[in-house]
Amino acid sequence: MNLAVTLSCGQCFRFSQDQDGYWNGIAGIKGSEHRLHTRQCDQRALEDDPFWHHYFSFDRDYEAIESDLRGRFEILDKAMDAVGQIRILSQDPWETLGSFILSQNNNIKRIRGMVERLCRGSGFPSAEEIVQCKDFLCTIGLGFRDKYLYCGAASIAQGKLDLKALSTMSTEEARKALMTIYGVGPKVADCTLLYGLGRYEVCPMDVWMKRVMEAWFNGESPSILGPYAGVAQQYLFHYARMIDLK
DNA sequence: CCCCAGGGCAGGT
DNA sequence: ACCTGCCATGGG
């Protein structure tokens with residue numbers, strides 16, 4: 001795993017590197033959050049920790065996944081060579097959903113700031129907490145997204161959507177269920193499925209990935225990327241941003 | 001001043 | 001089913 005790329009490729013928003021080379025940040029919901037303080041060379045400790053083992057998806061067979069992605073497309077091989085191994089993180093589903101509700105029509109730098117203000121130095125607020133602190137939401141510069149986040153939180157808190165139940169559904173069913181939330185469309189649902197529910201076949205299509213498919217795949221559908229299209233997407237997304245694909 | 005950003009909704013055709 | 005304007009806000 002390349003720790004730096006994994007934590008800075010746009011699937012999570014709460015980690016940054018300090019001057020000593022350590023990666024710091026918080027994962028999980030307030031009350032059960034975990035604080036990270038680690039370096040690339042300390043990867044073994046992450047693998048041995050129960051929480052981070054799952055968070056960095058050491059419980060999945062990345063050898064098989066990478067081998068499936070190799071040799072399909074020249075540009076994908078090139079991206080994987082240039083980027084280093086990315087792990088798709090296994091994030092808390094509500095943290096993922098809430099964060100990506102804030103991501104719409106926005107840039108990663110500003111998303112990071114918004115999520116940080118929302119979390120106030122601790123774990124990501126639970127849906128219940130967000131419903132209770134409605135007025136606070138309007139004071140932290142979320143723009144038009146504050147009402148979407150509130151509605152999402154309300155749906156969870158009222159039990160209209162049971163995120164736990166999504167794991168027993170087919171990907172299509174889970175996607176439909178997520179999109180019943182006001183403010184959650186295909187892109188936000190897909191990010192939740194990939195980064196929060198481990199559905200590696202799901203390929204979120206943002207403005208960058210639309211450019212990628214147009215420029216490098218002759219406008220084809222992302223399904224040609226195969227059963228791990230979501231993993232491929234992460235390499236292509238990051239590589240396109242690296243070389244500033246227009 | 002302009003345009004863009006890990007989109008989605010509402011309204012029209 | 002597809003198209004367009006609009007939504008707040010900060011950075012380039």
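Naming convention: chains lettered A, B, ... in sequence-line order (proteins, then strands); numbering from 1 in each chain.
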Could you name each residue pair satisfying salt bridge (Lys or Arg N to Asp or Glu O under 4.0 Å) that touches [range], not counting sequence neighbours?
range: residues 44-59 of chain A; result: A:Arg44-A:Asp48
range: residues 150-178 of chain A; result: A:Arg175-A:Asp190
range: residues 94-107 of chain A; result: none

Inset, instruction - Please determine, by modelled atom types, if A:Tyr200 and A:Gln233 share a side-chain donor-acceptor pair under 3.5 angstrom. - result: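 A:Gln233 and A:Tyr200 do not have a side-chain donor-acceptor pair below 3.5 Å.
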Legend entry - Test item: side-chain donor near acceptor, A:Ser90 and A:Ser57, under 3.5 Å: yes
Legend entry - Contact check, side chains of A:Thr96 and A:Leu89, non-hydrogen atoms, under 4.5 Å: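 Not touching, per the 4.5 Å side-chain cut-off.
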Legend entry - Non-hydrogen side-chain atoms of A:Lys187 and A:Met205 separated by less than 4.5 Å: no
Measure the distance from [atom1] on [X] to [atom2] on [N] and round it to the nearest whole Å.
X: A:Gln104; N: B:dC4; atom1: CD; atom2: P; answer: 18 Å
X: A:Leu193; N: B:dG6; atom1: CG; atom2: C1'; answer: 15 Å
X: A:Leu102; N: B:dA5; atom1: CG; atom2: C1'; answer: 14 Å
X: A:Lys147; N: C:dC7; atom1: NZ; atom2: C1'; answer: 6 Å
X: A:Met114; N: B:dG7; atom1: CE; atom2: P; answer: 11 Å

Distance, [atom1] atom - from [M] to [N], rounded to whole angstrom:
N: C:dC3; M: B:dG6; atom1: P; value: 23 Å
N: B:dC4; M: C:dT4; atom1: P; value: 15 Å
N: B:dC2; M: C:dC7; atom1: P; value: 15 Å
N: C:dG11; M: B:dC1; atom1: C1'; value: 15 Å
N: B:dG11; M: C:dA8; atom1: P; value: 15 Å

Give the residues of [range] touching DNA chain B, defined as any heavy atom closer than 4.0 Å, sorted by residue number.
range: residues 231-246 of chain A; result: A:Gln233, A:Gln234, A:Phe237, A:Arg241
range: residues 76-95 of chain A; result: none
range: residues 195-206 of chain A; result: A:Tyr195, A:Pro204, A:Asp206

Would you tabulate the pairs of protein nitrogen or oxygen atoms and nucleotide nitrogen or oxygen atoms of nucleotides 9-13 of chain B closer than 3.5 angstrom?
from	atom 1	to	atom 2	distance (Å)
B:dC9	OP1	A:Gly183	N	3.1

Do any side-chain atoms of residues 236-246 of chain A form donor-acceptor pairs under 3.5 angstrom with protein atoms, and if so which ones, sequence neighbours left out?
from	atom 1	to	atom 2	distance (Å)
A:Asp244	OD1	A:Lys246	NZ	3.4

Taking only nitrogen or oxygen atoms into account, show me every contact under 3.5 Å that the protein makes with nucleotides 9-12 of chain C, one pair per line with its distance.
from	atom 1	to	atom 2	distance (Å)
C:dT9	O4'	A:Arg110	NH2	2.9
C:dT9	O2	A:Arg110	NH1	2.7

Legend entry - Evaluation steps, side-chain contact (heavy atoms from CB on, under 4.5 Å), between A:Gln91 and A:Tyr55: CA-CA 6 Å; A:Gln91 304 182 65; A:Tyr55 190 80; 3.9 Å; yes
Inset, instruction - Quick one: pull up CD1 in A:Ile111 and CD1 in A:Ile101 and give me the separation to the nearest 0.5 Å. - result: 12.5 Å
Legend entry - Rounded distance (nearest 0.5 Å) linking atom CE of A:Met114 with atom CG of A:Leu102: 4.0 Å
Legend entry - Contiguous Watson-Crick or G-U pair runs (3 or more, under 3.5 Å) in DNA chain B: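 Listed by first number, the stems are B:2-5 with C:9-12, B:7-13 with C:1-7.
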Inset, instruction - Run the ring-centre check on A:Phe13 versus A:Phe100 and record whether the distance is less than 6.0 Å. - result: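 A:Phe13 vs A:Phe100: aromatic centres under 6.0 Å.
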Inset, instruction - Measure up the A:Phe217 and A:Phe73 rings against each other and bin them: parallel (under 30°), tilted (30 to 60°), perpendicular (over 60°). - result: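 The arrangement is perpendicular - the two ring planes meet at more than 60°.
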Inset, instruction - Determine, stepwise, if the pair A:Gln234 / A:Tyr195 fulfils side-chain contact (heavy atoms from CB on, under 4.5 Å). - result: CA-CA 10 Å; A:Gln234 202 59 52; A:Tyr195 308 128; 2.6 Å; yes
Inset, instruction - Might you work through the side-chain contact (heavy atoms from CB on, under 4.5 Å) test for A:Asp68 and A:Arg72, ending with a clear yes or no? - result: CA-CA 8 Å; A:Asp68 177 89; A:Arg72 283 178 176 269; 3.3 Å; yes
Inset, instruction - Assess A:Arg145 against A:Tyr150: is NZ or CZ under 6.0 Å from the centre of the six-membered ring, and within 45 degrees of the ring's axis? - result: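 No, a cation-pi geometry is absent between A:Arg145 and A:Tyr150.
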Legend entry - Which residues share a side-chain contact (heavy atoms from CB on, under 4.5 Å) with A:Ile26, sequence neighbours left out: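 side-chain contact (heavy atoms from CB on, under 4.5 Å) list for A:Ile26, sorted by chain: A:Arg14, A:Glu33, A:Arg35.
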Legend entry - Non-neighbouring partners of A:Gln85 that pass side chain to side chain donor-acceptor pair (under 3.5 Å), sequence neighbours left out: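 Once residues adjacent in sequence are excluded, the partners of A:Gln85 under the side chain to side chain donor-acceptor pair (under 3.5 Å) criterion are A:Arg87.
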Legend entry - Derivation of the side-chain contact (heavy atoms from CB on, under 4.5 Å) call for A:His53 and A:Leu46: CA-CA 6 Å; A:His53 183 92; A:Leu46 288 182; over 6 Å; no
Inset, instruction - Would you classify A:Cys9 as touching base, sugar-phosphate or nothing, given that sugar-phosphate means primed atoms plus P, OP1 and OP2, and contacts are heavy atoms under 4.0 Å? - result: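 Base contact.
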